[in-house]
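Below you'll find the structure, written out as structure tokens, and then a few comments.
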Amino acid sequence: KDSYTIGVSNTVQGNGWREEMVCAMKAEALASGKVSKLNIAHRNTDAAGQLEDIRNLISAGVDAIVVNPADPSGVNAALAEAAKAGIVVVAVDQGVTEPSAYVISNNQEEYAYLGAKWLFETIGGKGEVVYMRGAAGASADSDRDKGFKRALAEFPDVKVAHEVFTGWQQDQGKQQILDFIATGIPFDGIWTSGIDNVIVDALVESQATLVPVVGADNAGFVGQLNKVEGLKGAAVTNPGSIGGAGVALALQILEGQKPASQTVLVDPELWENVTPEGKAKLAAAADPSLSAEWPVSISIPNWTHYTKEQIVACKGPGE
Amino acid sequence: MTDTATLDRPAPLGRRIRRFMSDQPLVPLIVLLVILVGVLEFLRPGIVNERWIANTVKFAIPLAMLAACQTMTMLTGGIDLSVSTVATMAAFFMAAQSVALDPVSAGAIALLPALLIGIANGIGVGVFRVHPLIMTLGTSLVGIGCLQVYQRTVIASGARVPDGLTWLGTGLTGGVPNALLLFIPVAAFVILMLRFTGFGRLLYAVGDNERAARLSGVQYWRVILALYVLSALIAGITGLLYLGLIRTPSLSLADPLMLPSVAAAVIGGTSIFGGRGGYAGTIVGALILTVLTTLLRLLQLPEGARLILFGAIVLLVTAAYLRLVDDR
Amino acid sequence: MSRFLRRQGWVAGLFVLFLALLVVTRLIQPGYGAADFGSLARAVLPYAFAVAAQTVVVLAGGIDLSVAAMMALTSVTAAALMAGASEEFALAVVPFVLALGFALGAMNGALIVVSRVPDIVVTLATLFMLQGAALLVLDAPGGGAAEWLKALIVGTVPIPGLPGAVTDWIPKALVVLVICLAVVWIPLRRSRLGLSLYAIGSSDLAAFRSGVPVARTKILAYALGGLFAAMGGLTLTMSTGIGAPIPGPYLLASVAAVVLGGVALGGGRGGLLGPIIAVFVLRLVRTDLTLLAVDPNVTTIIEGVIMVVVVMLGALVAMRGRTP
Amino acid sequence: MTTQPLLDASGVAKNYGAVAALRDASLRVRPGEVHALMGANGAGKSTLVKILTGAIRPSAGRILIRGEARPLGSPAAARRAGLVPVYQEPSLIPDLDIADNLRLTGTPVAPFRDWVRALGVPDLDLRDLARDLPLAVLRVLDLARALSLEPDVMLLDEMTAALPANLAERVIEVVRGEVKTGRSVIFISHRFVEIAALCDRATVLRDGETVGVVDIVPGIEERIVEMMLGARVEKTRVAAAARDAQASSGPPRLSVRGLAAGSKLEDVSFELANGEVAGVVALEGQGQDELFAALAGSIRPSRGTIAVDGEPVVFGHPADAIAQGIAYVPGDRTEALLMQRSVRENIALPFSARLRSWGPLAVGRERGLVSAAIERLQIDTRAQREVQRLSGGNQQKVTIARWIAADARTILCFDPTRGIDVRTKREIYRLLRELAAQGKSVLYYTSELEEVQRVCDRAIVVFGGRVVDVLPVEIADEAALTRAAYGLPREAASLPASPSGATP
Ligand SMILES: Nc1ncnc2c1ncn2[C@@H]1O[C@H](COP(=O)(O)OP(=O)(O)OP(=O)(O)O)[C@@H](O)[C@H]1O
Ligand SMILES: Nc1ncnc2c1ncn2[C@@H]1O[C@H](COP(=O)(O)OP(=O)(O)OP(=O)(O)O)[C@@H](O)[C@H]1O
Ligand SMILES: O[C@@H]1[C@@H](O)[C@H](O)OC[C@H]1O
Ligand SMILES: [Mg+2]
Ligand SMILES: [Mg+2]
């Protein structure tokens, strides 16, 4: 069969990362040539709303569902119903505990650990850091918190001077750091959960000391790591294109090629602008043509098959 | 002729203070603002410096501007829940159009959706008499949807924040935020408009008693249409300024300002039922909220406790203020 | 008859619209059946309780911006209490959480009465406070739910004497919804208290002069709102098996459905049935849009347009009715 | 007096911010009497009623019921103490039907029905929503509800003000019957006829103080007025200059042909000349509301034509009528006022209405016009920051002052003296005559028939949505007007030459 319909469920709208994820799904579906229709439920909602969306997709009779779960266990009921109806279920970006579902995900704990460890090393294993988290209560945030704490435990002389939730909102993050800078309390580094370029902006605008900053591989931040004079920092990859990988995995399973394990973790990479190798990676990754909120890793080797034009065009089959 | 003329004996001090407050509703608000700043300085000596003030003002301005929209619409008994969407749309369109166009043309295009949403709100509320809460919520949903569709074109073309906006949004001149260059005229316009123009009078009039206004020849729908268009345009301009301040055109850029913009107007003494209030209070309200946010952040509380305190203080301030000002 | 049409015409119209939408759904997806209707009923649950909460308060002349936050708090409380606890323990958790909702609602009402600050402002403040409290209970989604509780809304109810073809279309979720609402609403509607509630919404001065204890009634309206919100919070925990501290999209949805359901914002006019049917209509519209695989971004536009257009139509109808 | 008073209030005071609404009011009511509470506008009558019935709390004072202090903290408590009011404004819940309204207040249904019938409303459907009923019926229902609670003391605050003559009469009769059973009634009205017909004694308030208690005997009227106003007032007779409306040259200011609107106004034709005050007389619900609303541009007529200065016009909005110089003063002042705004803003409101005056205000000019209007109407501006703090009479003056300031050429006054004291009434009569003398024209609906001869040049009588007679002022006494208002033909003897401007 080469005309599958695939359902997609996502519960964060208006976030650059998630938009890239959806575009990657569309591009992969188109590039594969095996998908006749994508049926996308994409809105701001909670686990209960996602249950509704997944059930609507089941009603629509899709062959597979690719889901970015609002919660690791909160949507299990609907995922189990889908599996019972013979639908292939793939979770991307974050895991689910439903055993019948396949998972292809960024390793969120590792993401935080890598960046935090680099930061603590860079500031010399001691000092005060600002810890700028994501949305309070979101599961990606709590996974990352585990990674951050693990790294922190390895550096007993590093202290958290200030811990805040940015809510993954640019303006919140910017105001928070400006407020903190204004207090005059010294700090030696900043770890962010992906709200990164506005933090660098704030440091520059307020003429504060440019301390090392850790962020994600968002286009804006990568550009800054390349260009901003005196800025030390690292981008940890967290590809939104994992969505495309999810579609690819779903298609493989539909074609009868089950993966060896239910869970495939894509490990993050860290690109810093201190060593020549890091600089080279950053220079290669930089893509000023992308929207600042889009992660630059727009494809995942061995998984996705579309071109940059295709993901940027953001068009699925039949569009 | 004043009320005092009828008094046989001097009123007790408490009542005199109340009457003073009632005539000068700004005074207690400013006192509160000063107290909050005092507390902040007490908690972190040295924090209140030139840089901090500039920073606070910078962030209070967009809030105060969106709260201008709430003030004006609340005076007529309405509310404008589409302001954050309108601001975000303007910012997003601006950033997207600036890649190819000069800032002025881009700005004009960016304000177009604001104009359209304003007209739709005005017609819905003024002509069809849809409840403003619902109407502006609906157009806001439509606006967000359009933005999400539009957003795809930006992925291909990229986005750019014009330098002029960055200068306006983030720049300081001699320690004073450049944003005041935009804000002072806007604030003066709103204050003077409300106090000294026929249109301002009509806003109070339709908010107080729409029937009475009608019997005096006031055409409700015209007033409301003009009002919501004006509100949307101010929101749009706020979006442009905010883009200059945050410098990332995200799809939820101005959302966090939505509920605080209502709170700022309310704290500033504008009645949500219409007919009473003004913009000067709102500006102080916006400053109070901004300082309060900083204060709570510095307390280093868990997020949950911070939210609880924030809500409690907003409520307390509003209640105390009403008590103080309500001379009845 | 004309009196019925004038008072219930809107609700009847909504119901017809719902039936029409069901037909449309069958046309789009010929396989749409009882199981799918069950899914709809489960999706409706939290919205229906949110809108019930909003309806009582709006009828009494108020508005409650804190419903979604209240649902989050009650949901995490239930989930946190039930996590790792025995099945029987949940028997105590349910009434506790309902009482909590009732008490928090009463707190909303009392704050409004005591502070004399407008409802919309007080509940805006408590929105932040309740959300903060939810984060203190659980700082991330988690907790658990008793199996029996989860099972309460799964499947259908076999009713002796009725053929399976019929009972298949009576999902448990719907039965739970109807029972929970009816147990509170029907006695209320018939009591003097219910009248008082409409009275203070219609004109609090006239109500006061008619001897209605305005403050007490207002507090009670909010308390009932809190109770319904707690039921909504419980259904969240029941369907997801967890509690999430960040409020879902229930506030705006509840206000929209209240208005679509023919309840006057401002109080005194309308009932509970209209808003509940409105919730079904709105959920079914989403189902249809998903079935049609409409571009998800366009879906938001369509939902917004529907809301505006339906309310405008209602306004037009009302205007026609006024000028004979 | 040896009988213990049923109600004994003394030293009652109430402050609203800076203004003392009541300073030192006392009121003693015996069992079985109808006790009038009188006073000029702003004297504090309503405030006293509200205090006595638990609607507001006094700042000071002592209130005894049958010699005992009873709690009066809420309307419910006052009711338990036997005090039941009928307030000036209807107190039924608009969105509840009548049956539910009764249930809410625990009113027994059967007696209520009987009272409603006795008060002259035969066909009430208990399932009607209160909001759908006309004002006069609501007033009657309020009274019937109070009556069925069998109170010891009933307080009627300007109960008859909004009633047409026939219903007002019924009310008087019923109240008179009620006191025979030993209950007492406190009766507030600005109509001396009613006071004379009904009351035993009167307590007179002036500036928040009780200035006297008198027995109602023939001729006491002048004395009460003196006490109310603190000075003697000349009683003016027919103010209308006997003048010939035909004499003014040019087309009539307003001419109405075959006008129909709403369900009540069937077919009305008449002309209003420049410099004329034409009275409109009708029982409740004969289409007069629709007539005024149509002329004011508030509703669209379904048939007929309106011409202004000989030119046909079509009004889609009050603004259109105002553009033609036609202003409307509604009977219910809450319909006309911005209660939270200042006297000045209220008066200046029409200035800003038009699109071209949305810009900066002409502050100086506005102040001049407004203060001239305030001066001319002698508005008490002590509490001018918010119109809602003015007394009823002063509020009413503001609604008229607005159109004096706007220099309207034609004023449609709908019962403008409803619930207003004698002095203010006379001021308003004088003002309207002055306007007429300046060539302006006034259409004047009144529910108080004696006003016609005081202020009008002729009376247009409407019955069943049609003009049934036009009486010249000389013969338009209460008896003649009443006959006409009930649709009866004129008595042969008084038939004069056909009046000018009569229906063709
Ligand atoms: N809320 C208020 N605030 C300030 N002053 C008030 C308020 N209410 C009443 N007053 C003042 O108290 C005085 C008495 O008012 P009240 O309405 O009791 O008089 P009244 O005897 O009913 O007069 P009228 O016959 O004109 O209605 C008036 O001068 C009025 O301006
Ligand atoms: N709940 C209230 N809060 C504040 N002011 C009130 C309230 N109720 C009435 N008032 C004010 O008190 C004054 C007297 O009111 P009331 O309705 O008794 O008088 P009125 O309409 O002047 O009476 P009337 O014309 O029948 O003599 C008015 O100025 C009114 O605005
Ligand atoms: O990095 C984040 C991603 O992992 C989360 O799931 O959605 C929002 C993103 O910013
Ligand atoms: Mg009075
Ligand atoms: Mg009065």
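In what follows, every chain begins at residue 1, and chains take the letters A, B, ... in the order their sequences are listed.
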Task: Selection from C:G268, C:S203, C:G267 maximising heavy-atom pairs under 4.5 Å formed with chain D - done: C:G268
Open item on the list: Tell me whether D:R113 at atom CZ has more than 12 heavy atoms from other residues, nucleotides or ligands lying less than 6.0 Å away.
Closed with: no
- [ ] For the pair C:R192 (side chain) and D:L104 (backbone), establish whether a donor and an acceptor sit closer than 3.5 Å, ignoring hydrogens and angles.
- [x] yes
Task: Side chain, backbone, both or neither of D:L92 within contact of chain C (heavy atoms, under 4.5 Å) - done: backbone
Open item on the list: Out of the candidates D:T107, D:I93, D:L96, only one should pair with C:S210 under the side-chain contact (heavy atoms from CB on, under 4.5 Å) rule; please name it.
Closed with: D:I93
Task: Heavy-atom contact with chain C under 4.5 Å, split by part of D:D142 - done: neither
Task: From CG (D:N101) to OH (C:Y198), nearest 0.5 Å - done: 14.0 Å
Open item on the list: Are there over 12 heavy-atom neighbours, none belonging to C:F15, within less than 6.0 Å of that residue's CZ?
Closed with: no
Task: Portion of D:R145 that has a non-hydrogen atom of chain C nearer than 4.5 angstrom - done: side chain
- [ ] With a 4.5 Å cut-off on heavy-atom pairs, point out which of C:A206, C:S202, C:A199, C:A264 contacts chain D the most.
- [x] C:S202
Task: Heavy-atom pair of closest approach, residues C:R190 and D:R103 - done: O-NH1, 3.5 Å
Open item on the list: Using every non-hydrogen atom in the two residues, find where C:G211 and D:R79 come nearest and quote the distance to one decimal.
Closed with: N-NH2, 4.1 Å
Open item on the list: If you compare all heavy atoms of D:P75 against all heavy atoms of C:F208, which two are closest, and at what distance to 0.1 Å?
Closed with: CG-O, 3.1 Å
Task: Winner by heavy-atom pair count (cut-off under 4.5 Å) against chain C, out of D:A76, D:A130, D:P94 - done: D:P94
